[in-house]
There are 2 protein chains.
Amino acid sequence: MTQSDKRRSGCPISCSLDLLGDKWSLLVVRDMVFVQKRHFKDFLKSDEKIATNILASRLARLEALGIISKQTDPGSKRQVIYSLTTKGIALIPLLVELVCWGSLHLGAPDADPGEIKKIQNNKQKFIHSLEKKCQHQVQLQN
Amino acid sequence: MTQSDKRRSGCPISCSLDLLGDKWSLLVVRDMVFVQKRHFKDFLKSDEKIATNILASRLARLEALGIISKQTDPGSKRQVIYSLTTKGIALIPLLVELVCWGSLHLGAPDADPGEIKKIQNNKQKFIHSLEKKCQHQVQLQN
DNA sequence: CCGGATCCGTTTCGATACTG
DNA sequence: CAGTATCGAAACGGATCCGG
């Protein structure tokens, strides 16, 4: 339906608007990639103050898009764990580019200039280490 | 104000949400980068059917963010030309990553598999050629 | 004609309260 | 802890109008 409408519309960018065209979805993915958040409550704690209903709707959408997966914690029955799928992990290079752009062109206050240089100089290594972390998480659950 | 609020909020990604968190802004930038659109009417013609008021608001925002610049066509007085600034051109690597991700993971129908491989294999060349095009445009105006 | 601005019904968002 | 329910506020978007 909506999904297939997007398919018909053509270019890869318009297809990915559900994800990148939405502020909250982007923040959720950011937190999963860079801060390894996995629980509902973790996402609520971010500085951007996402509301519970919005968060729930975005998590559901990201799951529908196949970017994250959801499972109840085997240990504590009422905890839910969200993790990135392969498709989600594949977004990491994109997010790293985003961080680089933001750091260079937006005067982000958190950005340590030295740190940025380091990231840019071996972007590939940085990407790989993030990928490792996310993949490791996925394996822990299985 | 809003701008400085964003500054305070911290990480480069949250700072860039005004741009990437919005579907229409993203589409405008896409069209400028990949299809070299420059006029108001050009953006209206995209498959996604943006409304005139929405387009106007996004162009204004992108200009305020310093990502695009606006000037009246020296030739035909009533035409307005939008072009990417340096800051806007710096988004190209990000957009290329986005295209790669979308092509690989969203089953985009327009995506010629051979074409994608080619882009991935020399991503840097592809990025450079796009940058050249955009820079060339800017120079034409001056 | 071109680049918008205005109006206005409809949709979506998002803060808070509430539930299992 | 992980979500729904509710409801006012904001954004969207189609049609139309306007100035140059």
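Chain letters run A, B, ... following the sequence lines, proteins first and then strands; every chain starts at 1.
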Notebook entry, point to check: Hey, are the side chains of Leu62(A) and Asp18(A) touching, using non-hydrogen atoms and a 4.5 Å cut-off?
Noted result: no
Item checked: Nearest-Å distance for atom pair CD1/C1', residues Ile81(A) and dA2(D) -> 13 Å
Item checked: Comparing Thr52(A) and Gln79(A) on DNA chain D - which has the more 5′ nearest nucleotide -> Gln79(A)
Next item on the list: Give a yes or no on whether a salt bridge exists between Asp31(B) and Lys37(B), defined as a side-chain N under 4.0 angstrom from a carboxylate O.
Entry: yes
Next item on the list: Any chance you could measure Leu91(A), atom CG, to Leu26(A), atom CG, to the nearest 0.5 Å?
Entry: 9.0 Å
Notebook entry, point to check: Just wondering, do His39(A) and Ile81(A) contact through their side chains at under 4.5 Å, heavy atoms?
Noted result: yes
Check: What's the CZ-C1' distance between Arg38(B) and dC2(C), to the nearest Å?
Finding: 15 Å
Next item on the list: Whole angstrom is fine here: how far is it from CG in Leu62(B) over to P in dG3(C)?
Entry: 16 Å
Margin query: When you measure from the side-chain N and O atoms of Lys23(A) to the phosphate of dT12(C), is any distance below 4.0 Å, counting only OP1 and OP2?
Written below: no
Notebook entry, point to check: Quick one: does Leu17(A)'s side chain get under 4.5 Å of Trp24(B)'s, heavy atoms only?
Noted result: no
Next item on the list: Please determine, for the side chain of Arg61(A), which listed nucleotide (dG3(C), dG3(D), dC13(C)) has the closest atom?
Entry: dC13(C)
Notebook entry, point to check: Which ones in residues 27-37 of chain A lie close to DNA chain C, meaning a heavy atom under 4.0 Å from one of its atoms?
Noted result: none
Item checked: Touch class at under 4.0 angstrom, heavy-atom based, for Arg78(B) against every strand present -> base
Item checked: Short side-chain N/O contact to dA2(D) OP1/OP2 from His39(A), under 4.0 Å -> yes
Notebook entry, point to check: Rounded to the nearest 0.5 Å, what separation is found between the CD1 atom of Ile89(A) and the CG atom of Leu130(A)?
Noted result: 10.5 Å
Next item on the list: Provide, to the nearest angstrom, the distance between the CG atom belonging to Asp73(B) and the P atom belonging to dG3(C).
Entry: 10 Å
Notebook entry, point to check: Of all the choices, dG3(D), dC13(C), dG3(C), which nucleotide is nearest to the side chain of Lys41(B) once you look at every atom?
Noted result: dG3(C)
Margin query: Measure NZ/Lys70(B) against P/dC2(C) and give the value in whole Å, please.
Written below: 17 Å
Next item on the list: Find the distance Phe43(A):CZ to dG14(C):C1' and express it as a whole number of Å.
Entry: 19 Å
Note to self: Base, sugar-phosphate or nothing for Lys77(A)? Non-hydrogen atoms, less than 4.0 Å.
What the structure shows: nothing
Notebook entry, point to check: Starting at CG of Leu55(A) and ending at P of dC13(C), how long is that distance when rounded to a whole Å?
Noted result: 14 Å
Next item on the list: Take Asn53(B) and Phe40(B), find for each the nucleotide of DNA chain C with the closest heavy atom, and name the residue whose nucleotide sits nearer the 5' end.
Entry: Phe40(B)
Note to self: A quick test of your reading: do over 12 heavy atoms of other residues, nucleotides or ligands sit less than 6.0 Å from NZ of Lys45(B)?
What the structure shows: yes
Next item on the list: Could you tell me the separation between the NE2 atom of His105(B) and the CD1 atom of Ile67(A), rounded to the nearest 0.5 Å?
Entry: 10.0 Å
Notebook entry, point to check: Whole Å only: how far is the CG atom of Asp42(B) from the P atom of dC2(C)?
Noted result: 10 Å
Check: Taking only N and O in the side chain of Tyr82(A), is any of them less than 4.0 Å away from OP1 or OP2 of dG3(D)?
Finding: yes
Margin query: Is there a side-chain contact between Trp24(B) and the phosphate of dC12(D), meaning an N or O under 4.0 Å from OP1 or OP2?
Written below: no
Margin query: Side chain of Ile54(B) only, heavy atoms from C-beta on: which candidate in dG3(D), dC12(D), dA15(C) is closest?
Written below: dC12(D)
